Amino acid sequence: MKKWIDLRSDTVTNPTDKMREAMFHAVVGDDVYEDDPTVKELEDYAADLVGKEAALFVPTGTFGNQLAVFTHCKRGDEVILGEDCHIIAHEVGAAAVISGVQLRTLETKRGMMNLDKIEATIRPFEDLHWPETGLICLENAYSDGAVPSLEYMKSVKSIAKKYNLPIHLDGARLFNAATNLGVPASEIVKHVDTVQFCLSKGLCAPVGSIVAGSKEFIIRARKNRKLLGGGMRQVGFLAAAGLIALKEMTLRLHEDHENARYFAEKLKEIPCIYLSETPIDINMVFFKINQNKLTDEEILDLLLEKGIKSNGPEAGYWRFVTHYWISKEDIHYVIEVLKKILE
Ligand SMILES: *Cc1c(COP(=O)(O)O)cnc(C)c1O
């Protein structure tokens, strides 16, 4: 099989050999009966790892976020969140369809909303006309590759506490954020009530996310997961890979971050390439290609001919994502190909 260099996302990561082995040998049972020991092990391990009482295995990050919104809120509630976060930008309007909530978006800078604006946006029960604020959603790492600070997380928590509001964290790349901040993931998660994180992105598991929170929350979330059609049977096969994702793959993410910075250094050497000014916090490099010779589609086709997959630019910026299956040699190769295409 042809080896592709796939820079589109870290979602393209295939499972490792060790994961395939663990999946083959996994002890499984009917998880709707809570009879699957491997799922139990994963959920217990995940809850401990992020410092929450309980956790639940769900099929995807989108499922996990929407399940959290659905479990926290009642219909007509308002949810405060960043205007360009994943729940707004990439979840098909699910919060409106599933939970019937109203999303109240605020501008973000490097993944952070203005704290005064958050507080000014919260609407209590009193006024007859107002929807009630039901939830604040944060995202860390943010979809644009930025890692909001612990200070920010702490400040949002103190606002939420004042108004007795829950916070849900979309932590699809939680362990990338923790790696960047140099803290255990629990140091980020302690500032929120619930968290969703993906096992399937840079951590290489084939499928799955975790939702973690209080025991009481997870009991209700388990029932809502069933309602949404996410009660899965012998799903320990996937949990087996998820355990390796959490125990081992979380420890190597710094390699992807180093490779992203290395990529940036090399891209800089190409005359028509301009890197985004924002620092590289995780495994993503953003850049512009300023030339008139080729269209974006032509560049993509030429890359593809050389075995390199990339998405086209979004809002003018190209994004390369590093991950387990992208080595230093791959980076050198991509740089050589780009130099030839663009010279
Ligand atoms: C990928 C991602 C998700 C959703 O994950 P899926 O498994 O693709 O549904 C949610 N939030 C963020 C920030 C993501 O990057």
Side-chain angles (χ1 to χ4, degrees), residues 43 45-56 58 61 64-69 71-73 77-88 103-122 133-198 201 209-218 220-221 246 250 253 281-282:
E43 290 175 343
Y45 188 85
D48 273 354
L49 188 62
V50 299
K52 292 293 182 212
E53 284 175 359
L56 190 69
V58 295
N65 284 337
Q66 296 302 330
L67 177 63
V69 172
T71 306
H72 279 298
C73 297
D77 273 359
E78 212 160 50
V79 178
I80 298 173
L81 73 187
E83 64 183 1
D84 41 9
C85 72
H86 198 276
I87 291 176
I88 279 285
L103 299 179
R104 192 78 186 279
T105 59
L106 296 179
E107 183 191 350
T108 60
K109 289 212 174 73
R110 304 267 311 135
M112 295 181 274
M113 300 178 274
N114 177 291
L115 295 170
D116 294 335
K117 280 202 183 135
I118 294 179
E119 185 157 5
T121 306
I122 294 171
T133 307
L135 180 67
I136 298 173
C137 286
L138 301 179
E139 190 173 296
N140 203 352
Y142 213 69
S143 306
D144 66 358
V147 175
S149 67
L150 290 173
E151 199 50 46
Y152 169 74
M153 306 286 303
K154 190 174 164 196
S155 305
V156 178
K157 186 194 180 188
S158 71
I159 295 169
K161 202 167 166 207
K162 195 165 145 192
Y163 296 90
N164 203 18
L165 281 176
I167 304 177
H168 172 69
L169 174 65
D170 177 355
R173 294 189 182 84
L174 176 67
F175 296 96
N176 294 86
T179 300
N180 173 264
L181 294 169
V183 298
S186 55
E187 281 299 300
I188 303 174
V189 173
K190 76 178 186 191
H191 299 301
V192 301
D193 298 276
T194 58
V195 62
Q196 175 281 121
F197 53 90
C198 293
K201 290 193 168 163
S209 281
I210 294 286
V211 175
S214 69
K215 267 200 185 112
E216 186 270 341
F217 181 89
I218 294 299
R220 290 191 295 123
L246 291 183
T250 52
L253 291 173
D281 286 348
I282 57 169

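Predicted, not measured: the structure shown is a model, and the values here were computed from it.
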What's the spacing between [X] [atom1] and [Y] [atom2] if we round to 0.5 Å?
X	Y	atom1	atom2	value
Leu246	Phe197	CG	CZ	5.5 Å
Glu139	Asp170	CD	CG	4.5 Å
Asp144	Cys85	CG	SG	11.0 Å
Glu151	Leu115	CD	CG	9.5 Å
Met113	Leu81	CE	CG	6.5 Å
Ser143	Arg173	OG	CZ	7.5 Å

Could you report the tightest heavy-atom contact between [X] and [Y], atom names first, then the distance?
X	Y	value
Asn140	Ile188	ND2-CG2, 4.1 Å
Glu53	Lys215	OE1-N, 2.7 Å
Leu174	Ala185	CD2-CB, 3.8 Å
Ala141	Val147	CB-CG2, 4.0 Å
Pro148	Leu181	O-CD1, 4.1 Å

Using side-chain contact (heavy atoms from CB on, under 4.5 Å) as the criterion, list what pairs up with [X], not counting sequence neighbours.
X	result
Arg110	Met112, Ala146, Thr278, Pro279, Asp281
Ile218	Ala54, Leu56, Val211
Ala47	Ala55
Lys154	His191

Does some side-chain heavy atom of Ile87 sit less than 4.5 Å from a side-chain heavy atom of Gln66?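 Result yes, sub-4.5 Å side-chain heavy-atom pair found.
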Should Ile118 and Leu106 count as side-chain neighbours, where that means a heavy-atom distance under 4.5 Å?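 The answer is yes; the side chains approach within 4.5 Å.
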Under the side chain to side chain donor-acceptor pair (under 3.5 Å) test, residues paired with [X] that sit two or more places apart:
X	result
Glu216	Arg220
Thr108	Asp84
Thr250	none

Output yes when a side-chain donor or acceptor of Ser209 lies under 3.5 Å from a complementary backbone atom of Gly61, and no otherwise.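 Yes, Ser209 side chain to Gly61 backbone: donor-acceptor pair under 3.5 Å.
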Scan for side-chain hydrogen bond (donor to acceptor under 3.5 Å, both in side chains) pairs involving residues 180-189, sequence neighbours excluded, and state none if there are none.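 Those involving residues 180-189 are Glu187-Lys190.
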List for me each residue that meets ring-ring contact (aromatic ring centres under 6.0 Å, His included) alongside Phe217, sequence neighbours excluded, and say none if there are none.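 His72.
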Excluding sequence neighbours, so at least two apart, what forms ring-ring contact (aromatic ring centres under 6.0 Å, His included) with His86?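 Checked His86 against ring-ring contact (aromatic ring centres under 6.0 Å, His included); matches are His90.
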If you apply the rule side chain to side chain contact (heavy atoms under 4.5 Å, CB included), what do you find for Val79 with Ile136, and how did you get there? CA-CA 6 Å; Val79 178; Ile136 298 173; over 6 Å; no
Please test Leu169 against Met153 for side chain to side chain contact (heavy atoms under 4.5 Å, CB included), starting from the C-alpha separation and ending with a verdict. CA-CA 10 Å; Leu169 174 65; Met153 306 286 303; 4.1 Å; yes
Evaluate side chain to side chain contact (heavy atoms under 4.5 Å, CB included) for Asn114 paired with Lys109, printing each intermediate quantity in order. CA-CA 8 Å; Asn114 177 291; Lys109 289 212 174 73; over 6 Å; no
Can you list every ring-ring contact (aromatic ring centres under 6.0 Å, His included) pair that touches residues 135-161, not counting sequence neighbours?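 Those involving residues 135-161 do not exist here.
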Side chain to side chain contact (heavy atoms under 4.5 Å, CB included), that's the test. Do Asp77 and Leu135 meet it? Break it down for me. CA-CA 8 Å; Asp77 273 359; Leu135 180 67; over 6 Å; no
In residues 161-168, what donor-acceptor pairs under 3.5 Å come from side-chain atoms, sequence neighbours left out?
{"unit_1": "Lys162", "atom_1": "NZ", "unit_2": "Glu119", "atom_2": "OE2", "d": "2.5"}
{"unit_1": "Tyr163", "atom_1": "OH", "unit_2": "Glu119", "atom_2": "OE2", "d": "2.8"}
{"unit_1": "His168", "atom_1": "ND1", "unit_2": "Thr194", "atom_2": "OG1", "d": "2.8"}
{"unit_1": "His168", "atom_1": "NE2", "unit_2": "Asn65", "atom_2": "OD1", "d": "3.0"}

